[in-house]
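Here is the structure we will look at.
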Amino acid sequence: MRIGVLTGGGDCPGLNAVIRAIVRKGCEAQEHEFVGFRYGWAGVLNNDTTPLDVSTTRGILHRGGTILGSSRTNVYKVDDGVNKVKAAMKAQGLDALIPIGGEDTLGVAGKLHEDGINVVGVPKTIDNDLAATDFTFGFQTAVQIATDAIDRLHTTAESHNRVIIVEVMGRHAGWIALYSGIAGGADVVLIPEKPFDVDVVCEHIRRRHASGPTFSIVVVAEGATRSDGDVITDHQTTDSFGHIRLGGIAVELEKEIEARTGFESRMTILGHVQRGGTPLAFDRVLGTRFGVEAINAASDGDFGKMVALRGTRIERVPLSEALAEPKLVDSEIYKTAEVFFG
Ligand code: F6P
């Protein structure tokens with residue numbers, strides 16, 4: 001078979017591990033050939049390719065980002081998009097595509113499958129918000145980066161008797177905030193799934209300071225909302241999938257917490273640091289297992305599927321199941337974080 005591989009959406013630690021695994025297993029054990037599309041669906045629409053074989057995928061396992069480049073391109077927002085995809089596949093002599101991405105990139109893949117194109121999806125996102133898989137690759141690395149940052153911010157919080165508000169990514173899911181908040185010993189964790197009241201947040205902080213400590217750490221997900229309001233963001237722009245750009249809730253929280261409690265407060269927005277650099281071993285292993293199973297599915301002609309982690313096993317699930325709705329935070333885990341609030 002000849003197969004096209006692409007990486008779409010935000011870059012994510014572990015993408016190169018997936019690409020390497022697909023190509024190594026596909027070339028050496030199954031005698032397939034590959035074409036890499038550059039910059040996600042944009043590369044498919046423009047027939048913009050790069051050679052993908054064992055030699056071009058050597059030495060990339062530990063590297064962050066993606067050797068293919070990425071973009072947030074929606075095939076279904078482009079005139080004649082589906083026919084352009086079909087034309088590129090014809091020009092390259094391809095039998096199938098393996099898109100590696102989150103809900104947007106795989107959402108396009110699911111629709112293309114309905115439009116008669118052979119696809120197998122691989123679930124990627126630091127946000128961990130894709131259903132039908134226990135974890136996406138990239139999430140554990142992002143959580144570790146956020147946890148390391150919280151550990152470092154403790155130093156300043158403690159030395160200066162400050163409240164530090166740490167804003168992490170995750171879009172409309174609170175997974176990164178919850179996991180890094182628990183791992184980093186946060187005193188309050190705010191996530192989109194549990195709209196918050198600033199008075200209650202301040203109450204936790206006051207109670208904690210009344211019992212001895214002179215500093216606090218608040219972890220807030222970028223998509224957290226007030227119980228009486230909407231998403232708070234510094235931006236107005238939306239991407240081609242209609243998602244508003246998030247970021248900036250910590251700026252408002254810093255001011256409000258300081259004004260209401262009288263405790264000196266500072267905020268830190270971690271931003272793209274969370275997606276950068278070398279993947280943790282967990283994400284390299286998960287990415288490698290996903291890549292091998294994706295090429296196995298393509299070899300079997302098992303299209304319209306996404307590879308998924310279920311418990312400790314890698315399975316294939318219908319793309320439609322994975323895309324039906326986002327996977328939001330499990331409230332039981334949030335209850336565990338709450339034990340340590342205030
Ligand atoms: O989906 C991954 C993610 O990092 C989100 O957590 C975040 O909201 C978004 O991408 C940021 O996107 P961009 O890189 O386009 O600013």
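For ligands, and for the atoms within them, numbers begin at 1 and follow the listed sequence. Keep in mind that the numbers below use all heavy atoms, side chains included, and drop hydrogens, waters and symmetry copies. Along the sequence shown, the residues carry numbers beginning at 1.
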Could you see which bit of Asp127 sits under 4.0 Å from ligand 1, with heavy atoms only: side chain, backbone, both or neither?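 Contact part for Asp127 vs ligand 1: side chain (C-beta onward).
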Is it the side chain (CB and beyond), the backbone, both or neither of Gln274 that lies under 4.0 Å from ligand 1, heavy atoms counted?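 Answer for Gln274: neither.
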Could you tell me which atoms of ligand 1, counted from 1 in the order shown, lie closer than 4.0 angstrom to a heavy atom of Ile126?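 Listed by number with element: 4 (O).
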Run the numbers for me: atoms of ligand 1, each under 4.0 Å from some heavy atom of Glu222, listed by number.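 Listed by number with element: 5 (C), 6 (O), 7 (C), 8 (O).
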Which atom pair, heavy atoms only, marks the closest approach of [X] to [Y]?
X      : Y      : result
Ser216 : His209 : OG-NE2, 2.8 Å
Arg162 : Arg266 : NH2-NH2, 3.3 Å
Ile67  : Thr57  : CD1-CG2, 4.3 Å

Taking both backbone and side-chain atoms of Gly170, is any N or O found less than 3.5 Å from an N or O belonging to ligand 1?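 Yes, there is a polar N/O contact under 3.5 Å.
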Which of these, His235, Met169, Arg171, Arg72, has its nearest heavy atom closest to atom 12 (O) of ligand 1?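 Minimum heavy-atom distance to atom 12 (O) of ligand 1 goes to Arg72.
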Identity and distance of the protein heavy atom lying nearest atom 16 (O) of ligand 1: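 In this structure, atom 16 (O) of ligand 1 has His272 NE2, 3.1 Å as its nearest protein heavy atom.
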In terms of residue, atom name and distance, what is the protein heavy atom nearest to atom 3 (C) of ligand 1?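 Ranked first by proximity to atom 3 (C) of ligand 1 is Arg275 NH1, 3.4 Å.
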Under 4.5 Å side-chain heavy-atom separation, chaining through any Ile, Leu, Val, Met, Phe, Trp or Tyr, what else clusters with Leu328? Say none if it is isolated.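 Besides Leu328, the cluster holds no residue at all.
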Provide the full list of side chain to side chain donor-acceptor pair (under 3.5 Å) pairs with a residue in residues 233-245, sequence neighbours left out, each pair given once.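 For residues 233-245, and leaving out neighbouring residues, the side chain to side chain donor-acceptor pair (under 3.5 Å) pairs sorted by first residue read Asp104-His243.
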Below 4.5 Å, heavy atoms only, C-beta onward: do Ile205 and Phe263 meet side chain to side chain?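 Heavy-atom side-chain distance check passes, below 4.5 Å.
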